[in-house]
Each structure stands twice: as C-alpha cells, then as structure tokens.
A.B. asks: 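I'd like to ask you about the structure that follows.
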Amino acid sequence: MATPVLMPKQGNSVEECIIVAWNKQVGEQINEGEVIAEIETDKASFVVEAPATGKVIGHFFKEGELAPVLVNIAVIGEDGEDIEEFRPKIEASAAAAPAATASAPVAAGAAPAAQGAAQQVVETATPVAASVEIPGGVSPRAKKYAKRFNIDADSITGTGINGRVVEKDVIAKRYALPRQTDVVRKMLADGWEVKPAAKSSTIRSSDLRKGVAQSNVRKVIASRMSDSLKNHAQLTLNGSAEATMLLKCRAKIKEGAGSANQVNITIGDMIMFAVVKALEEFPQMNVEYVGGKVYKADAVNIAFACDTEKGLLVPVIAEAETLTLAELSRAVKTRAYAAIDGSINPDYLEGGSFTVSNLGAFGIESFTPVLNAPQVGILGVCAPVLRPVREGGAVVYKDFIGLSLTIDHQVIDGAPGAKFLAKVKENIESIDKLAGIEC
C-alpha cells in the first residue's frame, strides 16, 4: 500500500520549507526511518524520515522548490501503484506546481549523500490518505507583515501554490525598487532622451566570474540588516564596566563547575542577567517600534546573537525576568546549542524585545551593533581590557568590559539611553549582590 511523505511542520511560525535535496530518488528502495529529504526553513536545516519501507514512486516537488508544511511531498510504495490520490491539489496554472516524477530506474550512486549528524532528524507526521487542499488568498504571516508596514496584501500577486500570497511576496512588494531613478524620471519629464550605455565588446575577467547564491539564512540576515539601517535612526553610546566582580565570580564558579548540579555560568550569562534586570527598571527600552507606533513588550524577552555555520541566528528567552541566574544560564546554553546544530525550533527565534550581542570571546574591544528591528535597543559586549585607574594617590590596573548600546533615536533619546547603559554598568559591577551569589 502506498504511503505519502508529509512536509513536517517546523514550529508555528513556519509556513513552507525548501527541499534542499532528495536523498532518495524515484525508483530507489528506502527503509522506514531512513532520510528521504533534506529541508530548510529561513533559519535552520532539518531532515525528513521515511514513514514506511518500500520504493520511492513519486516526488511532488523538485530540489530548490518551496513546499507548504503538512502537504504530501513524496510517495513510498511499489511499482505500478497510483500516486495521483496523494498529489497536492494545485491548480494547473499555478507556477509553483511541479509535476510528479515518473517512476524510473536510478543508476547506482545517483543518490545524494545523507545529511550530516549535526542536523536534527524530524519524525514525519502521521500520513493521510487524501491529498491536502491548499488555499489561495493571503497567508496569516503575510497578513501580519503587511499590517505592520501598511501594505495592501490583497493587491499583491502571490507566488505560493494556487496564487497564495505568502510573507516573501509582501517583503518583495515592500522593497520593490522603481525601474527608473528619480533623476532619470525627471530628465524624461523634461524632454531629455536617455539612452542605455553601449555595451563594450571587450570581455573582462570580471565578466567571467560566477556569483554564488546566498543561503536562505544569509538572505534573511541581509534583508533584516538592510531594513534596520534604512528605517531606523541608529545612535550608539559607548561605555565600560569594571569587570573585577565578574571575573572574581567566574573564577569561583569554575572551581566548582565539575560538582553535581553546578551550572557553569559564564561571564556572558552574568552580563545578560544584568541587562535583564536593567530592562525591568527601564521598560521604555523593552519595546518595539512599528509603523510610527511604540508597542510595549509584556515581558523581558531577551534575545542574543549566536554565531552558527549557517550564519547569524538570534534565539529568544521569553520572560527572562522570572529566571534566576542559573536558570538563565541553562536557557542560554540550551538555545545556543540547538541553534548551532540546526535543530532549534523556529518559534524560539521570534518575539525578542531586546538583544545582546557578545563579541568579547573574539577579542573585540569596540564595535557598533546594528538594531534587531523592530526592537529599539541592542547591547554590544566587548572583551575585558586592562586599564589604569587612579585610586587615592596611586595608579592601579583593573579590567574593564566595553559596552556599546545602539538605540533607535526615533524612540529613545540620548539621555535615557545613557541612563540605561549606566544601570547596566552598575548591575555588572555588583553582580554578586544582584544575583545573590557569594564571590
């Protein structure tokens, strides 16, 4: 009996996934639990396991194509079985609808390599015997994005199945550039004849270069960073906090890190804890700025920048103000490990109200963090630096950690931003009292 393979749902915020590679081609045998496909959201990579043993008798999407979640993407069965009952109901005119691959023998060695151990194995949902009706209209995520930026989603031509308008269509509409610059339009209006420059017959070495397509994650990063710089008045305030107590507490924690139930709390964890407590006292920093309006967050949903092989990800820890230092440390490690190995639930990458970006481990002494819009603040944390300090009539050397706070000047003025940064500094310098630990 033929068994369909569903595109699994990767969190509540994901509507569709890209099929990166088919690990089993049509005509190949596959065992239950084997990887049949590698898939990717805009933030992480996963694999799909076969729900049954048999032969792959059909693919409904090609490599590189987007497939909606909870829709049949392939069929496993035996030669001669009908796959039409499992085909997603897609209008013939829909550009996104690929034809199912006909059953045919596959040469030995044609299957792509299996996904590496770093990717999470996703269990396929229980298959359904009938195909899934894919609605047109506007998807919920597209509606949300359109409402945020005052875009008429109903006027957009969707690229999703059955002409469905998805989030990427609204993003494309927002960033659509005119075909002519303002200067060219004015020249044409004044009667100038504007001709394109003649192509040179000389072939340059640069003409022979081949561009490398960006990954989905990299495209999202590029879009968000560009959006942040274009639409927000970013002002960075630089300061520093004495790191004496931080280093003292860290040294004591390391001494007992091997004991039972001892959390290996890092300097970064302590700084993030200090930021969370400062945000409780400065709620005006814990907001989002969207469409000319300020939206106050219901809780301190702290986000932190995480470097992964696929690019920058920003996991979020919700209601961080309710956590102890040890609980926050565990949450940070859990989210970071999941982000690095590609198994993080996409829902944990949404909803942050303030971000911390720590480059201290790389020896960076100063940098300008870019806002994680629509948040209005991001704190950059730098490496400890030994500096001379005058105490009484003598000069002593102490470690200081650089702090770079970028704010949206449309919402936060320099003075309130400076007061918040001063509070973070105070919290860091008295982390032992703040967290209730003996150092």
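Below, all heavy atoms of this structure are taken into account, side chains as well, without hydrogens, waters or symmetry copies.
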A.B. asks: Answer yes or no: is there a donor N or O on one side and an acceptor on the other, between the side chain of Asn231 and the main chain of Ser228, under 3.5 Å?
C.D. replies: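 Here the side-chain-to-backbone pair does not exist.
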A.B. asks: Report yes or no: does Glu280 contribute a side-chain atom to a donor-acceptor pair with the main-chain N or O of Lys277 at less than 3.5 Å?
C.D. replies: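 Between the backbone of Lys277 and the side chain of Glu280 there is no qualifying donor-acceptor contact (under 3.5 Å).
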A.B. asks: May I ask you to say whether Lys62 pairs ionically with Glu65, meaning some side-chain N is under 4.0 Å from a carboxylate O?
C.D. replies: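 The answer is no: the pair does not qualify as a salt bridge.
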A.B. asks: Counting only N and O atoms by type, is there a donor-acceptor contact under 3.5 Å from the side chain of Asp408 to the main-chain atoms of Val376?
C.D. replies: no
A.B. asks: Distance only, no hydrogens: is a donor on one side chain within 3.5 Å (strictly under) of an acceptor on the other, for Asn345 and Arg335?
C.D. replies: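 Arg335 and Asn345 do not have a side-chain donor-acceptor pair below 3.5 Å.
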A.B. asks: Do Ile378 and Phe354 touch side chain to side chain, with heavy atoms closer than 4.5 Å?
C.D. replies: no
A.B. asks: Among Thr53, Ile83, Ile30, exactly one meets side-chain contact (heavy atoms from CB on, under 4.5 Å) together with Ile76. Which residue is that?
C.D. replies: Ile30
A.B. asks: Side-chain donor-acceptor pair under 3.5 Å between Thr368 and Thr236, yes or no?
C.D. replies: no
A.B. asks: Just by distance, do the side chain of Ser404 and the backbone of Phe367 share a donor-acceptor pair under 3.5 Å?
C.D. replies: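 Yes; at least one donor-acceptor contact below 3.5 Å.
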A.B. asks: Taking C-beta and beyond as the side chain, do Val48 and Val35 meet within less than 4.5 Å on heavy atoms?
C.D. replies: no
A.B. asks: Decide whether Thr355 and Asn372 meet the rule of one side-chain donor and one side-chain acceptor closer than 3.5 Å.
C.D. replies: yes
A.B. asks: Measuring from Lys423:NZ to Met285:CE, what's the distance to the nearest 0.5 Å?
C.D. replies: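 Rounded to the nearest 0.5 Å, the NZ-CE separation comes to 14.5 Å.
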A.B. asks: Any chance CD of Glu365 has more than 12 other-residue heavy atoms, nucleotides or ligands included, within less than 6.0 Å?
C.D. replies: no
A.B. asks: Over all heavy atoms of both residues, which pair between Ala50 and Ile36 is shortest? Give the atoms and the distance, please.
C.D. replies: N-CG2, 4.4 Å
A.B. asks: Do the side chains of Val75 and Thr3 get nearer than 4.5 Å, heavy atoms only?
C.D. replies: no
A.B. asks: Can you see which heavy atom on Ile151 is nearest to which on Val170, and at what distance?
C.D. replies: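 Minimum heavy-atom contact is CD1-CG1, 3.9 Å.
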A.B. asks: Output, in order, the C-alpha distance, side-chain angles, deciding distance and verdict of side chain to side chain contact (heavy atoms under 4.5 Å, CB included) for Ile428 and Leu403.
C.D. replies: CA-CA 11 Å; Ile428 290 174; Leu403 303 172; 4.0 Å; yes
A.B. asks: Compare all side-chain heavy atoms of Ile57 with those of Glu81 and state whether any distance is below 4.5 angstrom.
C.D. replies: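 Contact flag for Ile57/Glu81 side chains = yes.
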A.B. asks: Would you sort out whether Glu49 and Glu34 count as a side chain to side chain contact (heavy atoms under 4.5 Å, CB included), showing the intermediate values?
C.D. replies: CA-CA 5 Å; Glu49 290 185 342; Glu34 275 192 275; over 6 Å; no
A.B. asks: Does any N or O in the side chain of Trp22 come within less than 3.5 Å of the main-chain N or O of Phe61, such that one atom is a donor and the other an acceptor?
C.D. replies: yes
A.B. asks: Decide yes or no on side chain to side chain contact (heavy atoms under 4.5 Å, CB included) for Thr266 and Lys333, but give the supporting numbers first.
C.D. replies: CA-CA 10 Å; Thr266 66; Lys333 290 174 176 58; 4.0 Å; yes
A.B. asks: Can you tell me how far apart CE (Met270) and CG (Asn427) are? Round to the nearest 0.5 Å.
C.D. replies: 13.5 Å
A.B. asks: Looking at Leu66, Leu70, Asn72, Ile73, which one forms a side-chain contact (heavy atoms from CB on, under 4.5 Å) with Met7?
C.D. replies: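 With Met7 as partner, Leu66, Leu70, Asn72, Ile73 yield a single side-chain contact (heavy atoms from CB on, under 4.5 Å), made by Ile73.
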A.B. asks: Hey, what do you get for CG (Leu313) to OH (Tyr348), rounding to the nearest 0.5 Å?
C.D. replies: 15.5 Å
A.B. asks: Is it true that a side-chain atom of Glu288 and a backbone atom of Ala297 form a donor plus acceptor pair closer than 3.5 Å?
C.D. replies: no
A.B. asks: Measure the CD1-CD1 distance between Ile437 and Ile265 for me, rounded to the nearest 0.5 Å.
C.D. replies: 6.0 Å
A.B. asks: Inspect the contact between Lys55 and Glu78 and indicate whether a charged nitrogen and a carboxylate oxygen are less than 4.0 angstrom apart.
C.D. replies: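 So Glu78 does not pair with Lys55 through a salt bridge.
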A.B. asks: Locate the shortest heavy-atom distance separating Ala299 from Glu321; write the atom from each residue and the value.
C.D. replies: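 Result for this residue pair: CB-OE2, 3.5 Å.
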A.B. asks: So, the side chain of Thr406 versus the backbone of Pro369: is there a donor-acceptor pair under 3.5 Å, distance only?
C.D. replies: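 Checking the backbone N and O of Pro369 against the side chain of Thr406, a donor-acceptor pair under 3.5 Å is found.
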A.B. asks: Report yes if the side chains of Ile340 and Cys306 come closer than 4.5 Å at any heavy-atom pair, otherwise no.
C.D. replies: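 Yes, side chains in contact.
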A.B. asks: If you look at every heavy atom in Glu350 and Val316, which pair is closest and at what distance?
C.D. replies: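 In this case the closest contact between Glu350 and Val316 is O-CG2, 3.6 Å.
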A.B. asks: When you measure from the side chain of Ser226 to the backbone of Ala222, do you find a donor-acceptor pair of N or O atoms at a distance under 3.5 Å?
C.D. replies: no
A.B. asks: Would a 4.5 Å heavy-atom cut-off, applied to side chains only, mark Lys296 and Asn286 as touching?
C.D. replies: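 In short, these two side chains do not touch, never coming nearer than 4.5 Å.
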A.B. asks: Answer yes or no: is there a side-chain heavy-atom contact under 4.5 Å between Gln234 and Ile407?
C.D. replies: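 Counting from C-beta outward, Gln234 and Ile407 never come under 4.5 Å.
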A.B. asks: Say whether, by atom type as modelled, one donor and one acceptor occur between the side chain of Lys254 and the main chain of Cys249 under 3.5 angstrom.
C.D. replies: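 Checking the backbone N and O of Cys249 against the side chain of Lys254, no donor-acceptor pair under 3.5 Å is found.
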A.B. asks: Working to the nearest 0.5 Å, report the span between CG of Leu235 and NE2 of His409.
C.D. replies: 5.0 Å
A.B. asks: If you look at every heavy atom in Ser155 and Asp152, which pair is closest and at what distance?
C.D. replies: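 Heavy atoms of Ser155 and Asp152 come nearest at OG-O, 2.7 Å.
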A.B. asks: Between CG of Leu405 and CG of Leu421, what distance do you get to the nearest 0.5 Å?
C.D. replies: 5.5 Å
A.B. asks: Between the main-chain N or O of Gln25 and the side-chain N or O of Glu28, is there a donor-acceptor pair closer than 3.5 Å?
C.D. replies: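 Yes.
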A.B. asks: Run the numbers on Leu434 and Phe273 for side chain to side chain contact (heavy atoms under 4.5 Å, CB included), then give the verdict.
C.D. replies: CA-CA 9 Å; Leu434 186 72; Phe273 187 79; 4.0 Å; yes
A.B. asks: Does Tyr295 reach the side chain of Pro374, with side-chain heavy atoms less than 4.5 Å apart?
C.D. replies: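 Sidechains of Pro374 and Tyr295: no contact.
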A.B. asks: Specify the closest pair of heavy atoms between Pro8 and Ile39, including all atoms of both residues, with the distance to one decimal.
C.D. replies: CG-CD1, 4.0 Å
